[in-house]
Amino acid sequence: MTPFLSNKHDQTSWADYMASCAQVARNPGLQRFYAAGVPDPQTPIGEVPLVALDLETTGLDAVRHGIVSVGALPFTLERIPLAQSQYWVVQPRQPLSEESITFHHITHSEIEIAPDLGDILAELLEVLAGSLVVVHYRNIERPFLNRATRTRMGENLLFPMIDTMQLEARVHRKRRWAWLKRLSGRPSASLRLAESRERYHLPFYTGHHALLDALATAELFQAQIARHYSPQTPISDLWC
Amino acid sequence: MNTELLEIRDHLGRFAPFDRLSDELLDAVAGEVQVSYYRADTEILARDQETHELCYIRSGAVEMYRRSGSLYNRLSEGEIFGYSDLLRRRGVQFPVRAIEDTLIYFIPEAVFERLCEENDDFADFVEEGGSALKTTVEQQRHNSDMMTSRVRKLIRRYPTMVEPSATLQETAIRMRDESSTSVLVLSFPDEDQSQQFTLADGQSWKLAGILTDRDFCTRVLAAGVTPESPVTEVMSKDPITVQSEESLYEAMLCMLRNNVHHLPVLHRRRPIGILHLSDIVRYETHSSLYLVSNIFSQSNVEGLRRLSVEVHSAFVQLVSEGADSQMIGRALSSIGRSFTRRLIELAQEEIGPAPIPFCFMALGSMARDEQAIVTDQDNALVLSDDFVAADHDDYFLKLATFVSDGLAACGYSYCKGDIMATNSRWRQPLSVWKTYFSTWIDEPNPERLLDSSIFFDLDGVYGEEVFVEQLQDLVASKASQSPLFLAAMARNACNRTPPLGFFRTFVMEKDGKHNNSINLKRRGTAPFVDLVRVHALACGSNAQNTFNRLEAINKARILPEGGSARLGHALEFISMVRLRHQVMDIEAGQQPDNNIEPESISSRDRHYLKAAFETLSHAQKFIKFRYPIPTKGRRTET
């Protein structure tokens, strides 16, 4: 069963999937995470605890590249409390290229003293457990996290996510004449984090820091709900 | 918190009052921030809602409303709200709505309280209205050494003093032996004990005069007075003195105003030294002092005109040395008076002495000792009641024309309303002036009220100052007894209103409309002056300076407790912003004016200006109730 590969998955399957994982998981951290489960799909988004998550990686390919930092920020539709933010620099098992150093502003020396992702995983899972994770572009966070646990513990780490990029794509695909614009070769709206935020008049942040991007994602999600949805929207309309 | 969230910290650190927090406090704030997004047109705080957070606008804009639904404030990036409710531990007083998509940083009450406790500047900033302005105004003052240094600091030696029986030669010998450049002449005390003091030997004395080494040249040798003559014959009688605990600025202004270079310094009544112009100049260079003494050494209008360009640099120096608005107003008025006096002297050299006594009278800002760098001339002539138009008017018209043209040449432009002694209406004997003033007070109409607001700030500049004093007394005693006049003046004082505040690069009016710039005189200082004049007239004060009037008002207890101090602080703040912007204009090589563009006002100044405008607005509302229109006199209103 691979619900994460399908966009039109059965709405009850996430809860079932998490429950079954909880039964077979060997790693205690993973076991606790799965056991915390997910909220009922009909729960209004306004009532669900959320966590914005962002990974900075050495590249885009989960097989060849590794994670260098993790930012996590628990929040709700009403408030994003910075005091609860979490940030880790971790040592990727893949070599760090020069480009990615300038990109993430994380240096070799920082990396050298950083722990392995495996050492902070339990902490991270504790932050995520029981909350709905919000990311911008799930095709980084989801495969990289899964790959990292598979290589370290031989187990999967898969869970439902809200992807603000996908929510943004929905808005722009829905637009009338969007197909015509595409045909006429006009550039379609960029779905990148900074450009998406701009459409909601959110301030510009210097990007590519895991915690700041997590905050940027949380703010974007609040804005998307305020403009296109409502706190009553069931989470099943939003997650994937 | 994670120090990685520098974006938040740095943004806060750019705006008042966070800009003056220590790094440690700023980290503490940033770490506790809670973020929330509001779409345009949604409510952020509802009326009476319980609140436990300070709100900071990270991006976007909000509006606050009064209970009546009218606009209270419009705020944008970097501004805060919600603090007054937190301070007073009450529900939300002014509901807040986002008028654009807005990102708010909420700062928890505990952090807010810590900031108020640990940072005075922060505490002052969030304290509403009066007290915050007070601290800010006082802080500006404390930055100036000249304002805080006392006269006694410059007193190095005991003064040379001689008894009334001393001859000029004996006096000169004492001066030589003690190498002093001036000497104080004492006399035996008379019935008036107010000026008496006792020296170490137990003998009682009174200060009778002063004689300087310059006087030995001009009054003794040049005049052929013999060395055996008594010193009392040539001394300057009843010298102007200064108290030892006065500030150096006070001493400087005293020299400016009276054009004297030696000031006996008294501790209580006893002379403890003599302050010389050079002592102050050595302490700090003072172009205004040089300027005034130079004015009196000019022998023609062209010389005065050349000198007048230095008024700007004297002004810039005063402001940069941290003088307050009252000091600057007095210094500039002294300079203006000196030009006027010198012009009258020059005129008389040309047209001869006056056929009858007269007083040249200053009106408006010069009379109030509140002259600004941008000013026009308002003056008039009060003539002796011996005035016969056919015989005398020609002379006084010539005098008035000479002075008025001279002032215009020196940068004091002609009065647009023709309030100048060149206008025959304003060149009249004392009795006519008394009739004018009585009629204006008894039967006010719009024109007379306008005249009153100019002429009831009046002061003598040259000649028989007692004429003007009589007029001041008449106004003071008569106006206070005329409820109708006061009511009409009170309404007039509300004609020019302050704006609500600032929003981004605009001036925001009470109806929410925007303007590109604000005239800080028309919308700020002038309405204050008008308002204070009414109260001062009501309490029968003949003070002319607005701050002196506020003191009189305070003593008369016309305003609620602390009211006159609040007005003073608000006026001082607006005045200083105006003066600092004029300095900026001058330094940028532009003509200084009273118009200020909001983009050149710092976030801190905006915050305090808003509070000062609010103080003015409240005072304008109050004054209408304080001086109601008497029912009988209703017909003459409007």
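Numbers restart at 1 for each chain; the letters A, B, ... are given by sequence-line order, proteins then strands.
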### Query
Do other residues, nucleotides or ligands put more than 12 heavy atoms under 6.0 Å from the CZ atom of B/R88?
yes
### Message
Within a 6.0 Å radius of atom CD on B/E118, are there more than 12 heavy atoms belonging to other residues, nucleotides or ligands?
### Response
yes
### Task
Starting from the C-alpha separation in whole Å, work towards a yes-or-no answer on side-chain contact (heavy atoms from CB on, under 4.5 Å) for B/D101 and A/R227.
CA-CA 10 Å; B/D101 290 341; A/R227 190 180 292 182; 3.0 Å; yes
### Task
Drop me the distance from B/Y37's OH to A/L77's CG, to the nearest 0.5 angstrom.
13.0 Å
## Note on the structure
The interface call for A/L215 against chain B, heavy-atom contacts under 4.5 Å, is side chain
### Task
Enter the distance from A/I80:CD1 to B/F106:CZ here, rounded to the nearest 0.5 Å.
11.0 Å
### Query
Taking atom CD of B/E50 as the centre, does the number of heavy atoms from other residues, nucleotides or ligands within less than 6.0 Å exceed 12?
no
### Least distance between heavy atoms, A/R79 atom then B/Y38 atom
NH2-OH, 4.5 Å
### Message
Using 0.5 Å steps for rounding, measure from the CG atom of A/L212 to the CD1 atom of B/I8.
### Response
6.5 Å
## Note on the structure
The interface call for B/I104 against chain A, heavy-atom contacts under 4.5 Å, is neither
### Message
I need the B/Q34 CD to A/Q84 CD distance, nearest 0.5 Å.
### Response
8.0 Å
### chain A contacts, top residue of B/E100, B/E77, B/E53 (heavy-atom pairs, under 4.5 Å)
B/E53
### Summary
So OG of B/S36 and CD of A/Q222: to nearest 0.5 Å the spacing works out to 4.5 Å
### Query
Is the CD atom of B/E63 crowded by more than 12 outside heavy atoms at less than 6.0 Å?
yes
### Task
Sort B/S59 into side chain, backbone, both or neither according to what part of it lies under 4.5 angstrom from a heavy atom of chain A.
side chain
### Message
So, taking the atom named CD in B/E7 and the one named CG in A/L211, what distance separates them when rounded to the nearest 0.5 Å?
### Response
11.0 Å
### Neighbour count above 12 (heavy atom, 6.0 Å) for A/R192 CZ
no
